[in-house]
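What follows is a short report on a single structure.
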Amino acid sequence: MVEVTITPATCEDAAEMLEIYAPYVTQTTVSSEYEAPTLQTFCQRIETYTKTLPWLVCRINGRVAGYGYASPHRSRAGYQWSVETSIYVAPDFHRQGVAAALYRALFSLLVRQGYYNIFVGITSPNERSIKFHTAMGFTISGAYQNSMYKFGQWRDVIWMAKSLRLHELAPVPTVPFPQIREEAQTQAILQAQAQTIRVDETVRIAQH
């Protein structure tokens with residue numbers, strides 16, 4: 001039997017999460033970083049961002065299959081109801097529904113916190129990511145042309161956006177994630193999304 005869980009990420013998960021993230025840095029233009037962060041730096045990111053926003057980790061049979069998180073879109077007060085999101089999945093677990101489950105969990109948690117907008121930047125070309133985000137309810141909102149330089153080439157960054165709720169004229173301040181982290185409704189959201197992940201037989205065999 002395959003055990004699938006989605007839980008809030010902690011520094012105890014950082015090493016396995018970094019194993020997933022590092023190749024995206026060193027081998028692709030998905031990340032704009034040039035060098036993979038150290039474990040200490042990565043752990044500090046988790047500790048810093050989770051003071052206000054959710055970072056989630058998906059484990060399949062105890063192994064980190066992917067993770068997703070929200071980060072502030074911009075620092076000034078007028079942007080406090082908007083976030084950016086990122087999802088990273090280990091190659092062995094692509095097309096198992098991990099990314100979609102992590103996103104749906106993030107959507108629900110961010111709504112509970114009082115956020116209104118999600119933005120994601122996608123280095124072009126990346127039709128696979130654009131199609132995936134479209135399926136998750138994002139729409140293309142614009143592009144930063146020739147804004148990212150990596151591997152000796154300038155690239156556009158496509159921005160996609162998703163509204164989480166109707167835009168009220170007097171939004172209330174958002175709730176920090178630690179305030180809802182242990183609530184029963186939060187746990188129910190994470191458990192429900194973990195149950196949507198379907199691991200195929202080849203991955204099951206690889207995990208035993």
Side-chain angles (χ1 to χ4, degrees), residues 1-21 23-24 30 42 46 49-50 52-71 83-120 122 128-139 160-165 174-208:
M1 181 177 180
V2 176
E3 180 184 12
V4 182
T5 62
I6 296 177
T7 59
T10 70
C11 280
E12 293 181 358
D13 304 304
E16 288 185 79
M17 293 165 66
L18 185 55
E19 285 184 11
I20 294 174
Y21 178 60
Y24 283 98
V30 170
F42 197 78
I46 295 174
Y49 286 121
T50 54
T52 54
L53 291 162
W55 280 48
L56 305 177
V57 60
C58 173
R59 287 186 177 272
I60 297 178
N61 282 356
R63 176 184 170 191
V64 172
Y67 69 94
Y69 64 90
S71 58
V83 299
E84 295 181 24
T85 51
S86 296
I87 303 284
Y88 294 95
V89 178
D92 289 349
F93 295 101
H94 285 177
R95 302 185 183 279
Q96 308 295 315
V98 173
L102 287 167
Y103 250 142
R104 288 191 296 264
L106 284 174
F107 296 162
S108 296
L109 296 178
L110 291 167
V111 167
R112 294 194 64 223
Q113 289 182 259
Y115 288 95
Y116 283 76
N117 310 300
I118 297 178
F119 298 96
V120 60
I122 301 172
R128 178 179 174 183
S129 183
I130 291 174
K131 288 181 180 179
F132 169 72
H133 283 88
T134 299
M136 297 303 299
F138 289 78
T139 58
M160 300 188 73
K162 178 182 175 70
S163 294
L164 293 170
R165 61 205 299 168
T174 57
V175 176
F177 181 63
Q179 291 188 22
I180 68 167
R181 173 177 171 149
E182 303 303 326
E183 292 182 356
Q185 189 173 350
T186 296
Q187 300 306 312
I189 288 169
L190 299 181
Q191 292 171 11
Q193 291 307 321
Q195 292 173 3
T196 68
I197 297 171
R198 294 292 180 264
V199 183
D200 66 27
E201 290 298 328
T202 58
V203 174
R204 292 189 188 196
I205 293 170
Q207 297 308 300
H208 288 285

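Only this structure's heavy atoms are used, side chains among them; waters, hydrogens and symmetry mates stay out.
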Review point. Going through the distances and angles, do Asp92 and Arg63 end up as a side chain to side chain contact (heavy atoms under 4.5 Å, CB included)?
Key: CA-CA 11 Å; Asp92 289 349; Arg63 176 184 170 191; 2.9 Å; yes
Review point. Under the criterion salt bridge (Lys or Arg N to Asp or Glu O under 4.0 Å), which of Glu3, Glu16, Glu12 is the partner of Arg59?
Key: Glu16
Check your understanding: Quick one: does Val57's side chain get under 4.5 Å of Thr7's, heavy atoms only?
Key -> yes
Check your understanding: Are the side chains of Ile197 and Cys58 in touch, meaning some heavy atoms are under 4.5 Å apart?
Key -> yes
Check your understanding: Roughly how far, to the nearest 0.5 Å, is OH of Tyr24 from OG of Ser86?
Key -> 11.0 Å
Point to revise | Contact check, side chains of Met160 and Thr134, non-hydrogen atoms, under 4.5 Å | key: yes
Exercise for review: Report the distance from atom CD1 of Ile189 to atom CG of Leu56, rounding to the nearest 0.5 Å.
Suggested key: 10.0 Å
Exercise for review: Any chance you could measure Gln179, atom CD, to Glu182, atom CD, to the nearest 0.5 Å?
Suggested key: 12.5 Å
Point to revise | Closest heavy-atom pair and its distance - Val64, Met17 | key: CG1-CG, 4.3 Å
Check your understanding: How close do Ala100 and Phe132 get, heavy atom to heavy atom, and via which atoms?
Key -> N-CZ, 3.9 Å
Review point. With a 4.5 Å heavy-atom cut-off, do Asp13 and Tyr67 have their side chains touching?
Key: no
Below 3.5 Å, can you tabulate the donor-acceptor pairs from side chains in residues 102-120 to any protein atom, sequence neighbours excluded?
from, atom 1, to, atom 2, distance (Å)
Tyr103, OH, Thr85, OG1, 3.2
Tyr103, OH, His133, NE2, 2.9
Arg104, NE, Gln193, OE1, 2.7
Arg104, NH2, Gln193, OE1, 3.4
Arg104, NH2, Thr196, OG1, 2.9
Ser108, OG, Arg104, O, 3.3
Arg112, NH1, Thr186, OG1, 2.6
Arg112, NH2, Glu183, OE1, 2.4
Gln113, NE2, Thr52, O, 2.8
Gln113, NE2, Val175, O, 2.8
Tyr116, OH, Glu168, OE1, 2.8
Asn117, OD1, His167, NE2, 2.6
Asn117, ND2, Ser82, OG, 3.0

Exercise for review: Evaluate the ring planes of Trp55 and Phe42, with Trp represented by its six-membered ring, and classify them as parallel (under 30°), tilted (30 to 60°) or perpendicular (over 60°).
Suggested key: perpendicular
**Study point:** Heavy-atom closest contact (Pro8 atom, Leu190 atom, distance)
**Key:** CD-CD1, 3.6 Å
Check your understanding: Passes side chain to side chain contact (heavy atoms under 4.5 Å, CB included), Ile46 versus Thr10? Steps please.
Key -> CA-CA 7 Å; Ile46 295 174; Thr10 70; 5.6 Å; no
Review point. What class does the angle between the rings of Tyr69 and Tyr88 fall in, given that below 30° is parallel, 30 to 60° is tilted and above 60° is perpendicular?
Key: parallel
Point to revise | Minimal non-hydrogen separation, Ser129 against Ile122, with atom names | key: OG-CD1, 3.5 Å
Check your understanding: Between Ala65 and Ile60, what is the shortest heavy-atom contact and its length?
Key -> CB-CD1, 3.8 Å
